[in-house]
**Q** 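Quick one: the structure is below, and I'll ask about it shortly.
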Amino acid sequence: MSRPGLGEKLGIPVGLILILVATAAPFLFIGEAWADPAYRYVYAAGALILLVSRLFSPFRGSDMRLKRLHRIEAWSAVFFCVAAVFLFYPGATLRDWIAFTLAGGVIQVITSIAIPAREAKLRKH
């Protein structure tokens, strides 16, 4: 097991919270003049913070399954960044960035369950 770095302690939670807030904003603040342009930048900032945090906090352990799970987890940040691109793409619709956000979220949920389970299994042995 490796010790969490600054990216894992601060960057990853901040990035995920910004993505969550920005994803909820278009649905919660329908018709608000400030919400439409603002949530795009908040989402993009969260995706970028998450990507940088994931890239600069790689798994340094010896277990190959854990290493693979952390690599898969890093792909969730890539999906969020692709969703951020769709937010600024002129021909994109709501379903385009929501689809990539859901894909990144599913990967995030699966790995957030699988990584602690694998670490617990390794501690038992």
**Q** Only pairs under 3.5 Å count here: list side-chain donor-acceptor contacts from residues 110-117, not counting sequence neighbours, and write none if there are none.
**A**
| residue | atom | partner | partner atom | Å |
| --- | --- | --- | --- | --- |
| Thr111 | OG1 | Ile107 | O | 2.9 |
| Thr111 | OG1 | Gln108 | O | 3.2 |
| Ser112 | OG | Gln108 | O | 3.2 |
| Ser112 | OG | Val109 | O | 2.8 |

**Q** When you group the ILVMFWY residues by side-chain heavy-atom contacts below 4.5 Å and let the links chain together, are Leu102 and Tyr39 in the same group?
**A**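 Linked within one cluster.
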**Q** Measuring from Lys121:NZ to Leu66:CG, what's the distance to the nearest 0.5 Å?
**A**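 Atom-to-atom, Lys121:NZ and Leu66:CG are 11.0 Å apart.
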**Q** Let me know which of His70, Arg68, Arg118 forms a side-chain hydrogen bond (donor to acceptor under 3.5 Å, both in side chains) with Asp63.
**A** Arg118
**Q** Does any pair with a residue in residues 43-52 pass side-chain hydrogen bond (donor to acceptor under 3.5 Å, both in side chains), and if so which ones, sequence neighbours excluded?
**A**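 Passing the test, one end in residues 43-52: Tyr43-Thr101.
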**Q** Go through it in stages, so that I can follow the logic: the residues are Ser53 and Val14, the test is side chain to side chain contact (heavy atoms under 4.5 Å, CB included), and I'd like the CA-CA distance, side-chain angles, deciding distance and then a yes or no.
**A** CA-CA 10 Å; Ser53 298; Val14 168; over 6 Å; no
**Q** For residues 17-24, which side-chain donor-acceptor pairs fall under 3.5 Å, sequence neighbours excluded?
**A**
| residue | atom | partner | partner atom | Å |
| --- | --- | --- | --- | --- |
| Thr23 | OG1 | Ile19 | O | 2.7 |

**Q** Does Val78 share a hydrophobic cluster with Val52, counting links as ILVMFWY side-chain heavy atoms below 4.5 Å and allowing steps through other members?
**A** no
**Q** Mind checking whether Leu48 and Val82 sit in one hydrophobic cluster, side chains of I, L, V, M, F, W, Y counted as touching below 4.5 Å?
**A** no
**Q** What's the shortest heavy-atom distance between Gly104 and Ser76, and which atoms?
**A**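 Distance-wise, the nearest heavy atoms are O-CB, 3.4 Å.
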**Q** Could you report the tightest heavy-atom contact between Arg54 and Ala77, atom names first, then the distance?
**A**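 What the structure gives for the nearest pair is CG-CB, 4.1 Å.
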**Q** I need the minimum non-hydrogen distance between Ala47 and Ala84, along with the two atoms involved.
**A**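 Closest approach of Ala47 to Ala84, heavy atoms only: CB-CB, 4.4 Å.
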**Q** Check for me whether the distance between the ring centres of Phe100 and Phe80 falls short of 6.0 Å.
**A**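 They do not qualify: ring centres at least 6.0 Å apart.
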**Q** Please answer: with hydrophobic residues joined when any side-chain heavy atoms are less than 4.5 Å apart, are Leu10 and Ile49 in the same cluster?
**A** yes
**Q** Are Leu16 and Val106 connected into the same hydrophobic cluster when the rule is that any two of I, L, V, M, F, W, Y join if their side-chain heavy atoms are below 4.5 Å apart?
**A** no
**Q** Would you say OH of Tyr89 has more than 12 non-hydrogen atoms from neighbouring residues, nucleotides or ligands within 6.0 angstrom?
**A**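 No, not enclosed.
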**Q** First locate atom OH of Tyr41, then atom CG of Leu87, and finally report the distance between them rounded to the nearest 0.5 Å.
**A**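 It comes to 10.5 Å.
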